[in-house]
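All remarks here apply to the structure that follows.
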Amino acid sequence: MLFMAFLSKKSMHKAPILGFSVFLIPFLAFSYDGPLYDFTAYTECKSVPEKPLYNGGIFKDQAPLTQHRISTSSDGSYTPALILQNLAQNTMYCFSIWVKIQGADSTLVTASLMTNNNSTNDCVGTVLAKSGCWSFLKGGFILDSPSSVSILYFQGTADKSIDVAIASASVQPFTEQQWRTNQQYIINTERKRPVTIHVSDSHGDRLQGASITIDQISKDFPFGSAIARTILGNLPYQNWFVERFNAAVFENELKWYATEPEQGKVNYTIPDQMLEFVLANQIVARGHNIFWEDPKYNPAWVRDLTGPALKSAVSSRIQSLMSKYKEEFIHWDVSNEMLHFDFYEERLGPDATLHFYKTAHEADPLASLFLNEFNVVETCTDVNTTVDTYIDKIRELERGGSSMNGIGLESHFSKPNLPLMRAILDKLATLKLPIWLTEVDISNKFDKETQAIYLEQVLREGFSHPAVDGIMLWTAIHPNGGCYQMCLTDYNLQNLPAGDTVDKLLREWETGQGKGRTDDQGSYSFFGFLGEYKIMVQYGNRTTNSTLSLSQSDETKHFNIQL
């Protein structure tokens, strides 16, 4: 399969853009024989299953598809399974299948993988399946060691009366290089854009040999980190942050327990100072958070309230916070971790969250309002936050008339399962809402070098997914040193391995500065990351400076400069 540079990005089935340099557009062909990743996903239950992705992948030439039923427990129940042969180590396996159940109105169906070395991955994908129709399960896995025979099986709940049927199975492997090539294709088509600058004189005649200097001065994609009060008055820390990031979120300083530790004594002094730093440096900020459903992270005096007293306190909290910071924050995490906890809905009724969103939208109509949750993309073992559970909650809020318009994925990872992460993002993308990775870090159970390796994997996966609109790290420096789970630097701002990883990716994901000359048509072309640019053109003794805004589009940006 032969692909050409600079073709349309409207379809993943069209040719990817590969093998270019930063500033010179090579109108050349590049050879790639591997598969293109298929981002297709479905969240509706269908009367008939769709055809398998990748024409079945490794099952493509196996007709009819061989299915098995195996017993995974001592109660005599059986579950459908696929037998997979000769799975390779460190290969990304992406699978999908349609599932139909009998014996219950709905149930969670979990895909698990058993290899011939007796290791079992308890969850590599899930779907909330419904009776009477077919539901789409999409997942993935990576093996630490090769397996000659493996079993991919699909189980409902422990209730053995529930029968699970499967159809349209697909398993598609990607080598590490193929995976990276597919990531780069999306980066090239979603995060970058071709530009042609045309230089002419005052008569409109094109000027050959004009010198052009291109300098990217800001990035369109929001990439940032949490900050804490430790940044206040700390000029080295401020400079370090501003050099790297264009987005920020306050780790704890806007939370209710921080702004109103005692009832009626509201104090916004610290977040005011942090916001002043952010705005002075043209950094966008997320508002985190208005309410936290986990009881232990609410002020002690709030936990003692019930009924009308709690309702009044909640109303005061929203009005105080949102009026104070109206139009200052691009997002608000209105309800934090509500799939794991239900402090407010338990006390104020099932419509409490819906009321929060409506009231917040009325107070600040321009802010995007997010749900924010953990263990959605990090794993599928948490039954509280499966991808379909999250989707159902969003749809429930939308049906209730809420202005919930953002998906927050905390992304506190242990060892990442990249094919599973991508599959979950694919299903979330069907909602067509902004998706942000809001609190990215790697567990401190790993050493710092391993943290850096896993962090790079997660960041590349997020940046290269077309549905992800922003990435925030959870790496604020705490007063006594250290961070929540992972730091980028030590307390003296010397890079740790994770910091080296971030710096490397920041350099990779910027156009930087480049120079060249116009061709015999008076044109100069480059391929740049989305954002703002300064352009200086010199011809003879004439010089002009311009600015260029590069936004997402399928078309080449044409920019005319006259000397």
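For the pairing with His412, the ring pair (Phe, Tyr, Trp, His ring centres under 6.0 Å) check across Phe374, Tyr454, Tyr484 returns one residue only, Tyr484. A side chain to side chain donor-acceptor pair (under 3.5 Å) with Gln552 holds for exactly one of Lys192, Arg193, Glu190; it is Glu190. Between Trp240 and the choices Leu488, Ile477, Asn234, the side chain to side chain contact (heavy atoms under 4.5 Å, CB included) rule is met once, by Leu488.
Across all non-hydrogen atoms, the minimal contact from Tyr390 to Val376 is CD2-CG1, 3.7 Å. The two atoms that bring Asn252 and Ala258 nearest to each other are O-CB, 3.4 Å, heavy atoms only. When all heavy atoms of Ile442 and Gln451 are compared, the closest pair comes out as O-NE2, 3.0 Å. Shortest non-hydrogen contact noted between Asp503 and Arg244 is OD1-NE, 2.8 Å. Between Ser225 and Phe245, the shortest heavy-atom contact is CB-CE1, 3.9 Å. Looking at every heavy atom in both residues, Lys427 comes nearest to Val387 through CB-CG2, 3.9 Å.
Crowding of Glu44 atom CD: a count of heavy atoms from other residues, nucleotides or ligands under 6.0 Å exceeding 12. The environment of NZ in Lys448 is sparse: at most 12 heavy-atom neighbours from other residues, nucleotides or ligands sit within 6.0 Å. Around atom CD of Glu276, no more than 12 heavy atoms belonging to other residues, nucleotides or ligands sit under 6.0 Å away. Taking a 6.0 Å sphere around CD of Glu555, one finds it holds 12 or fewer heavy atoms contributed by other residues, nucleotides or ligands.
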For this session: Step by step, work out the side-chain contact (heavy atoms from CB on, under 4.5 Å) result for Asn375 and Glu378.
Result: CA-CA 5 Å; Asn375 282 354; Glu378 299 96 317; 4.1 Å; yes
Exercise. Can Thr43 and Arg395 be said to form a side-chain contact (heavy atoms from CB on, under 4.5 Å), step by step?
Worked result: CA-CA 11 Å; Thr43 53; Arg395 286 177 170 163; 2.7 Å; yes
For this session: Go through the steps to decide whether Ser218 and Tyr533 satisfy the test side-chain hydrogen bond (donor to acceptor under 3.5 Å, both in side chains), and finish with yes or no.
Result: CA-CA 7 Å; Ser218 69; Tyr533 289 80; over 6 Å; no
For this session: Test Gln178 against Asn182 for side-chain hydrogen bond (donor to acceptor under 3.5 Å, both in side chains), laying out the working first.
Result: CA-CA 6 Å; Gln178 289 170 343; Asn182 275 269; over 6 Å; no
For this session: In sequence, state the C-alpha distance, the side-chain angles, and the governing distance for Leu53 and Lys138, and then conclude on side-chain contact (heavy atoms from CB on, under 4.5 Å).
Result: CA-CA 10 Å; Leu53 303 186; Lys138 193 174 192 182; 4.0 Å; yes
Exercise. How far apart are the C-alpha atoms of Asp220 and Arg191, what are their side-chain angles, what is the distance that settles it, and do they pass the salt bridge (charged side-chain N to carboxylate O under 4.0 Å, His left out) test?
Worked result: CA-CA 9 Å; Asp220 184 67; Arg191 312 300 184 200; over 6 Å; no
Exercise. Do Glu410 and Asn336 pass the side-chain contact (heavy atoms from CB on, under 4.5 Å) test, and can you show the C-alpha distance, the side-chain angles, and the key distance before you say yes or no?
Worked result: CA-CA 10 Å; Glu410 292 186 14; Asn336 201 48; 3.8 Å; yes
For this session: List the steps and the verdict of side-chain hydrogen bond (donor to acceptor under 3.5 Å, both in side chains) for Asn372 and Glu439.
Result: CA-CA 10 Å; Asn372 195 46; Glu439 305 180 15; 3.0 Å; yes
Exercise. Please walk me through it: do Gln183 and Glu461 pass side-chain hydrogen bond (donor to acceptor under 3.5 Å, both in side chains)?
Worked result: CA-CA 7 Å; Gln183 287 179 329; Glu461 196 59 47; 3.0 Å; yes
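Looking only at side-chain heavy atoms (C-beta outward), Met404 and Leu433 come within less than 4.5 Å of each other. Looking at Val199 and Tyr524, their side chains never come closer than 4.5 Å, going by heavy atoms from C-beta outward. Two residues are said to be in side-chain contact when any heavy atoms from C-beta on lie closer than 4.5 Å; Lys557 and Leu550 meet this criterion. Within the 4.5 Å cutoff, side-chain heavy atoms of Phe529 are placed close to those of Gln216. Looking at Phe241 and Ile231, their side chains come closer than 4.5 Å, going by heavy atoms from C-beta outward. You'll find the side chain of Leu548 reaches within 4.5 Å of the side chain of Val195, heavy atoms only. Side-chain contact between Pro35 and Phe174 is present, with at least one heavy-atom pair separated by less than 4.5 Å. Contact annotation: the side chain of Leu369 never approaches that of His331 to less than 4.5 Å [non-hydrogen atoms, C-beta and beyond].
Checking side-chain atoms of Asp519 against main-chain N and O of Gln521 turns up a donor-acceptor pair under 3.5 Å. No donor-acceptor distance shorter than 3.5 angstrom exists from the side chain of Asn492 to the backbone of Gln494, with no hydrogens or angles considered. The backbone N or O of Ile227 lies less than 3.5 Å from no partner atom in the side chain of Glu251, so there is not a single donor-acceptor pair. Side chain of His465 to backbone of Ala467: a donor-acceptor contact under 3.5 angstrom is found.
In this model, a donor atom of one side chain and an acceptor atom of the other lie less than 3.5 Å apart for Ser525 and Thr196. Between His198 and Ser523, the side chains place a donor N or O and an acceptor N or O closer than 3.5 Å (distance only, hydrogens not considered). Remark: the Gln208 side chain and the Thr518 side chain contain no N/O donor-acceptor pair separated by less than 3.5 Å.
Ion pairing between Glu508 and Lys504 fails under the 4.0 Å rule for side-chain N and carboxylate O. A salt bridge does not link Asp201 with Arg542: none of the charged nitrogens is closer than 4.0 Å to a carboxylate oxygen. In this structure, Lys255 does not pair ionically with Glu253, as no charged nitrogen and carboxylate oxygen lie closer than 4.0 Å. A salt bridge is absent between Arg399 and Glu396; no separation between the charged side-chain nitrogens and carboxylate oxygens falls under 4.0 Å.
To the nearest 0.5 Å, atom CE of residue Met92 and atom CD1 of residue Ile142 are 4.5 Å apart. To the nearest 0.5 Å, atom CD of residue Gln319 and atom CE of residue Met322 are 9.0 Å apart. Of the inter-residue distances, the one linking Thr213 atom OG1 with Lys515 atom NZ reads 5.0 Å to the nearest 0.5 angstrom. The line from CG of Leu339 to NZ of Lys393 is 7.0 Å long, rounded to the nearest 0.5 Å. Rounded to the nearest 0.5 Å, atoms OH (Tyr357) and CH2 (Trp332) are 13.0 Å apart. Here the OG1 atom belonging to Thr543 is positioned 8.0 Å from the CG atom belonging to Leu563, to the nearest 0.5 angstrom.
Under the 6.0 Å cut-off for aromatic ring centres, Phe463 and Trp509 qualify, their centroids lying closer than that. The aromatic ring centroids of Phe95 and Tyr54 lie 6.0 Å or more from each other. The distance between the ring centers of Phe39 and Tyr37 falls below 6.0 angstrom.
Within the cation-pi definition used here (under 6.0 Å to the ring centroid, within 45° of the axis), Arg286 qualifies as a partner of Phe370. Annotation: cation-pi pair Arg460/Trp179 absent, no NZ/CZ under 6.0 Å from the ring centroid and within 45° of its normal.
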